[in-house]
Amino acid sequence: MKGSSGDYLKHLNEEQKFAVTHTEGPMLILAGAGSGKTRTITYKIAYLIDQGICRAERILAVTFTNKAAEEMRSRVEALLTHLAAAPLVCTFHSFCVRVLRQHADLIGYRRDFTICDREDQKRVLKTVYQELNLRDSNLSLHKACATISWAKNKNWSPKVYRKESGSSEKEEISRIYGAYQRFLKRSNAVDFDDLLLLTGRLLKKHRDVRERYGEWYQYFLVDEYQDTNRPQYDLIKNLTCVHQNISVVGDEDQSIYGFRGADIGNILRFETDFATATIVKLEQNYRSNQNILDAATGLVSNNVHRKGKVLWTQKPTGEPLELFAAPDARGEAYFVSQKIYQHLQEGEKGLAVLYRTNFQSRQFEEFLRRVDIPYNLIGGVSFYHRKEIKDALAYLRVAVNPDDNVSLMRIINEPPRGIGRVTMDRLQQMARDERTTLWGALCKGLEENVFPARTHLALERFFKLIRRSQEFIELPLHLSLDKTLEASGYVEVLRREDSEGSHNRILNLKELVTVAKEQAVQGYTLQEFLDQAALRSEADDYDQSAAVSLMTLHNAKGLEFPIVFLVGCEEGLFPHSRSLSEEDLEEERRLCYVGLTRAQKRIYLTYSRRRRFFGREGSETNSPSRFLKEIPKHLVRDCSSPLASLEFVQPNVRFGETFYRRRGQSRFSGKTYDSVESVRGFLQELSQKRAVSHRRFVSGAEILHQKLGYGRILHVQDTGNDLKITVKFPGIGIKKFLQSYARLKLV
DNA sequence: TTCAGAAGGATTTTT
DNA sequence: TCCTTCTGAA
C-alpha cells in the first residue's frame with residue numbers, strides 16, 4: 001500500500017491540499033473557473049488509494065463527458081504508477097448502463113435493451129403520431145421530444161404531467177408521452193432520460209441492490225455538480241446511503257444545462273442535504289490573466305442567483321480583451337481567420353473559436369480552409385451521428401435484439417429492398433393488434449402467408465438476412481460488423497453509386513470496422529461496443545493537439561486555451577432570442593462566463609452587424625450583445641479598424657458611394673498600403689478579358705466583396721467619373737484567389 | 001415501389 | 001441555404 005507517500009501534494013495550494021487530505025464525510029468544493037477543481041478531485045482519488053484509505057475499485061467518480069472520465073483516469077494512473085486496479089470513472093449515463101445491464105430484468109426490461117438517441121426518439125414519435133392520428137398536429141416532433149424529456153427530468157409520468165402541467169397542449173402531450181413510452185417498452189428500448197430514471201427506480205424499489213452498490217462504493221466523487229439534475233441527484237442520494245463519503249466539486253457560475261433539467265439548487269442546497277458537510281472554497285485561479293478574470297467576474301456579477309466568489313490570480317494583468325465589429329458574418333470569419341493566421345505564425349497554438357450555436361461554425365470553417373489552416377471541429381455531425389454509421393450500428397442492434405423496433409424501422413428498407421410505406425403500415429398495424437413487435441409481426445406474417453407474393457419475398461429475404469447476421473454476432477466484433485454489412489448489401493449499393501459522397505461513406509464504414517477491431521482487441525463485447533457508440537458525446541472526439549478548435553460554448557466546458565475567440569456576440573444570437581426570460585438570461589450570462597474563463601492569455605470578442613439566417617439576409621442590423629456592455633469598459637479595446645468599417649457595404653449600394661459617404665474622400669484617397677502586384681495585375685487583366693468598364697470593374701469589386709466578404713482596399717484613385725480601386729486579399733495566395741474568383745459570375 | 005423535382009420548414013445549447 | 005418531406009409519374 002505504500003506509494004509515493006503523497007509527494008504529489010506539494011503541487012497543491014493549502015485549500016486544495018485540505019480538500020484532498022480531508023477524506024471523512026461529505027464535502028462540497030466550491031470553486032471558480034480555472035481553480036483546479038478537476039485536479040483536486042483527481043488528487044483526492046489518488047490520495048485515497050495511495051494512503052490505503054480505500055481500495056481503488058471501491059471508488060466511484062462521475063464526470064460529465066467520457067473524455068473527462070478518460071482524462072481523469074489517466075491522470076490518476078500517472079500519479080500512482082503501481083496502480084493495481086482502476087477506480088471506476090465514468091459519466092452518470094454510462095454508470096447507469098452498467099447497472100441496468102446487470103439488473104434490468106428486475107424492473108421489467110430485458111438486459112439487452114437498446115439505447116435511443118435523439119434521432120431515434122423522433123423516429124419513435126413519428127410512428128406514435130401516426131398511431132394516434134396526429135399527423136397534422138401543430139406540435140412539432142422537436143417540441144414534443146423536448147417536453148417529454150423535460151417531464152421525465154421532473155420525474156413526471158404521463159398522468160402526473162396531465163395533472164401538473166399548465167401547458168395548453170397537456171392532454172395531447174400526455175397522450176403522446178404515454179404512447180411513446182409504451183412503444184419504447186415494447187421495443188425493449190430506453191432513451192437517455194430513462195437510463196437515469198430506471199436506475200433510480202431500480203435502486204429505490206430493490207433495497208438489496210441499493211445496499212449492494214451503496215455498500216460497495218465507499219467513496220463517491222462528482223465533478224461539475226452544478227449540472228446535475230433531479231434523477232441524478234436521486235442517484236447520488238441512493239449511492240451514498242451507506243458511507244456518506246461524497247465529495248462534489250462545482251461552480252454555480254458555470255451551470256449551463258438548465259434546459260435539460262440541471263438544478264442549480266442541488267449545489268446551493270448541499271449543506272442542508274448533507275448536514276455534516278465540509279465546505280471548501282477555491283478562489284485562486286491558475287488559468288487566466290487578471291484582465292480576463294476581471295472581465296468574467298464583472299460580467300457574471302450581473303447575475304442575482306449566485307453565492308459569489310472573488311477570483312484572483314498571481315498571473316500578470318495581460319492584454320485587454322479585443323473587440324471587433326464586423327460588417328457581416330463573412331467579415332467576422334475573415335477577421336478571425338486572419339488573427340488565427342497571425343498567431344500561428346508567431347508560434348502560438350491552442351486557439352479556440354467558441355460560438356453559441358452549431359450553425360455558426362460554417363463560416364469559420366470556410367475561411368480557415370481558404371488559408372489552409374487545419375482545424376478541429378467538435379460537434380455538428382460527428383462520426384457516430386453519420387447516417388451510414390448509425391445504419392451499420394442499427395444492423396448490429398437488430399441482430400442482438402430483433403424486437404428493437406426503432407433500429408428495425410431504420411434498416412428494414414435501407415438499402416431499398418422493396419419494403420415500402422404500405423408494407424410498413426401493415427406491419428405496424430399487425431404489431432399493434434397482436435401486441436407484439438414489428439419483428440414478431442413480420443415472423444408471424446411470413447408464417448401465415450398473409451402478404452402478397454412480392455412483398456412476401458422481400459420480407460422473407462430481410463428475415464433471412466437478420467437470421468444470418470445473428471450467426472455473425474458470435475464472431476469477433478469487427479468481423480460480425482464487416483460480414484453483416486456485406487450481407488446486407490449496404491456497401492454494395494454504395495459502391496455502385498460511385499459518387500464522392502458514397503466513397504466517403506464507405507471510408508467511414510471502414511473506419512468503423514477499424515474501431516471495432518481495436519475494441520475487440522481490448523476485449524470489448526458487442527454490447528459494450530454499441531453502448532459506447534450510443535453514449536459517445538461530441539466533446540469526446542476532442543483532440544488536444546490541434547492548433548485550432550471550433551466548438552460551441554457548451555462543448556468548451558472544462559477545457560482551456562491560450563487564445564479564445566468568442567464570436568457572434570450579438571443580441572438575438574448570444575443571448576439567444578429564445579432565452580430572454582430572466583432565468584434563461586442568467587444562464588446565457590453564465591455561458592458567456594464559461595466562454596471568457598476558457599482563455600489563458602487573450603480573448604477576442606467579435607460580432608457582426610448583419611447575419612444571414614436560413615440563407616435570408618437578416619432584415620435588421622444587430623446590436624452588440626448586452627454582455628459586451630457588462631464587461632468593465634477599461635478591460636476592452638475596440639480594434640475594429642476604419643478599413644474594416646469600409647467593408648460595411650450595403651447590398652446594392654456602390655462600393656464607391658458607400659466609401660465616400662461613410663468616410664469622406666480625402667481621408668483615404670491616394671493613400672497606398674502594401675501592394676500586391678499579382679492581384680492588381682489580375683484585376684486589370686480581368687477588366688480587359690471581360691470587357692468590363694471601370695464602372696463594371698467597381699461592381700466587380702462589389703461582387704467580390706459581397707461574395708467573399710473581405711478584401712481590403714489598398715488604393716483608391718478618383719479620376720472624375722471613375723473610381724479605380726485596388727483590392728488586396730490578404731492571407732491567400734493568388735492561386736487561391738483565382739479559385740475563389742472562378743466561382744463568381746459578373747452581373 | 002422508386003425516383004426526381006418541388007415545396008416547405010428549420011436552428012439553441014447535450015447525455 | 002440546406003435538408004427533409006411531399007407529390008406524381010414510370
Side-chain angles (χ1 to χ4, degrees), chain A residues 62-69 90-97 115-119 121-123 126 135-136 138 140-143 145-146 149-150 152-153 190-197 224 227-229 231-232 255-262 329 354-363 366 378-382 384-385 387 413 415-424 452 454-455 457-458 493 531-540 551-557 568 572-580 584 587-588 590-592 594-595 611-618:
Chain A
V62 186
T63 61
F64 215 65
T65 62
N66 291 308
K67 184 77 187 177
C90 59
T91 62
F92 271 108
H93 293 266
S94 50
F95 176 75
C96 291
V97 173
I115 304 166
C116 294
D117 65 9
R118 203 42 169 237
E119 197 190 329
Q121 291 180 12
K122 288 194 181 156
R123 204 177 283 265
K126 209 179 276 175
R135 298 208 63 202
D136 37 57
N138 48 9
S140 75
L141 288 178
H142 185 80
K143 176 95 188 291
C145 215
S149 176
W150 181 82
K152 284 188 172 187
N153 280 322
V190 300
D191 62 22
F192 286 134
D193 302 311
D194 286 337
L195 287 174
L196 301 172
L197 287 175
E224 311 279 15
D227 286 322
T228 49
N229 59 21
Q232 286 166 333
S255 166
I256 54 174
Y257 284 100
F259 67 90
R260 86 175 175 199
L354 307 181
Y355 36 81
R356 176 70 233 270
T357 63
N358 272 312
F359 85 94
Q360 289 169 264
S361 70
R362 250 198 57 221
Q363 298 281 359
E366 197 182 319
I378 289 114
V381 192
S382 81
Y384 284 93
H385 288 270
K387 181 181 180 307
N413 202 28
R417 49 172 72 89
I419 305 173
R421 217 195 66 225
V422 181
T423 312
M424 274 316 281
R454 217 165 98 186
T455 312
L457 214 65
V493 169
D531 285 349
Q532 241 193 24
L535 296 176
R536 190 136 208 134
S537 83
E538 316 286 6
D540 296 345
M551 67 187 88
T552 61
L553 287 155
H554 283 89
N555 269 321
K557 190 155 81 154
L573 190 59
F574 191 33
H576 197 273
S577 49
R578 296 199 191 177
S579 301
L580 295 178
D584 288 346
E587 182 154 316
E588 294 280 302
R590 289 193 292 269
L591 196 54
C592 187
V594 167
R611 190 178 293 277
R612 295 169 151 262
F613 286 102
F614 316 139
R616 261 281 149 100
E617 194 71 53

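Quick caveat: nothing in here was measured; it's all calculated off a predicted structure. The figures that follow rest on heavy atoms only: side chains count, while hydrogens, waters and symmetry mates do not.
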Spacing of [X] atom [atom1] relative to [N] atom [atom2], expressed in whole Å:
{"X": "A:Phe92", "N": "B:dT14", "atom1": "CZ", "atom2": "C1'", "result": "15 Å"}
{"X": "A:Gln232", "N": "B:dT14", "atom1": "CD", "atom2": "P", "result": "16 Å"}
{"X": "A:Asp117", "N": "B:dT15", "atom1": "CG", "atom2": "C1'", "result": "11 Å"}
{"X": "A:Arg578", "N": "B:dT13", "atom1": "CZ", "atom2": "C1'", "result": "12 Å"}
{"X": "A:Lys122", "N": "B:dT14", "atom1": "NZ", "atom2": "P", "result": "13 Å"}
{"X": "A:Glu119", "N": "B:dT14", "atom1": "CD", "atom2": "P", "result": "16 Å"}
{"X": "A:Phe359", "N": "B:dT12", "atom1": "CZ", "atom2": "C1'", "result": "10 Å"}
{"X": "A:Gln121", "N": "B:dT15", "atom1": "CD", "atom2": "P", "result": "13 Å"}

Going by heavy atoms in the side chains, are [X] and [Y] under 4.5 Å from each other?
{"X": "A:Tyr355", "Y": "A:Leu573", "result": "no"}
{"X": "A:Val594", "Y": "A:Leu553", "result": "no"}
{"X": "A:Asn413", "Y": "A:Met424", "result": "no"}

Phosphate OP1/OP2 of [N]: any [X] side-chain N/O under 4.0 Å:
{"X": "A:Asn555", "N": "B:dT14", "answer": "yes"}
{"X": "A:Asn413", "N": "B:dT2", "answer": "yes"}
{"X": "A:Thr552", "N": "B:dT14", "answer": "yes"}
{"X": "A:His554", "N": "B:dT13", "answer": "no"}
{"X": "A:Asn358", "N": "B:dT12", "answer": "no"}

What I want to check is whether an N or O donor and acceptor connect the side chain of A:His93 with the base of B:dT15 at under 3.5 Å.
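By the distance-only test, yes, there is a pair.
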Give a yes or no on whether a donor-acceptor pair under 3.5 Å exists between the nucleobase atoms of B:dT13, that is its base, and the side chain of A:Arg356.
yes
Take the angle between the ring planes of A:Tyr257 and A:Phe64 and call it parallel below 30°, perpendicular above 60°, tilted in between.
tilted
[X] has a side chain; which of [options] sits nearest to it?
{"X": "A:Arg454", "options": "B:dT1, B:dT15, B:dT14", "answer": "B:dT1"}
{"X": "A:Phe192", "options": "B:dT15, B:dT14, B:dT12", "answer": "B:dT15"}
{"X": "A:Thr423", "options": "B:dT1, B:dT15, B:dT14", "answer": "B:dT1"}
{"X": "A:Val422", "options": "B:dT11, B:dT1, B:dT14", "answer": "B:dT1"}

Mapping A:Arg118 and A:Glu588 onto DNA chain B by nearest heavy atom, which one lands closer to the 5' end?
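So the residue in question is A:Glu588.
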DNA chain B nearest-nucleotide lookup for A:Asp584 and A:Thr455: closer to the 5′ end is A:Thr455
Whole-angstrom distance between B:dT12 and C:dT5, as gauged at atom C1'
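B:dT12 and C:dT5 have their C1' atoms separated by 24 Å.
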Span that lies between the C1' atom of C:dT4 and that of B:dT13, in whole angstrom
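These two C1' atoms come out 23 Å apart once rounded.
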Under 5.5 Å centre to centre and under 30° between planes: does that hold for A:Phe259 and the six-membered base ring of B:dT13?
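A stacking contact exists, since A:Phe259 sits close and nearly parallel to the base ring of B:dT13.
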Would you call A:Glu587 and A:Arg590 a salt bridge, taking side-chain N to carboxylate O under 4.0 Å as the test?
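A salt bridge is present here (some side-chain N lies under 4.0 Å from a carboxylate O).
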Pairs: protein N or O with nucleotides 3-5 of chain C N or O, under 3.5 Å:
from, atom 1, to, atom 2, distance (Å)
C:dT5, OP1, A:Lys126, NZ, 2.7

One should read off an interatomic distance between A:Asp584 CG and A:His576 NE2, to the nearest 0.5 angstrom, of 11.5 Å
Nearest 0.5 Å please: distance from the CD atom of A:Gln532 over to the CD1 atom of A:Ile115.
11.0 Å
With no hydrogens and no angle check, is any side-chain donor or acceptor of A:His93 less than 3.5 Å from a backbone partner on A:Leu195?
no
Short question: side chain of A:Asp194, backbone of A:Asp191 - any donor-acceptor pair under 3.5 Å?
yes
A:Arg260 vs A:Phe192, side chain to side chain contact (heavy atoms under 4.5 Å, CB included): CA-CA, chis, key distance, verdict
CA-CA 11 Å; A:Arg260 86 175 175 199; A:Phe192 286 134; over 6 Å; no
Pairs: protein N or O with nucleotides 8-10 of chain C N or O, under 3.5 Å:
none

Residue set satisfying salt bridge (charged side-chain N to carboxylate O under 4.0 Å, His left out) with A:Asp193, at least two apart, ordered chain then number -> none
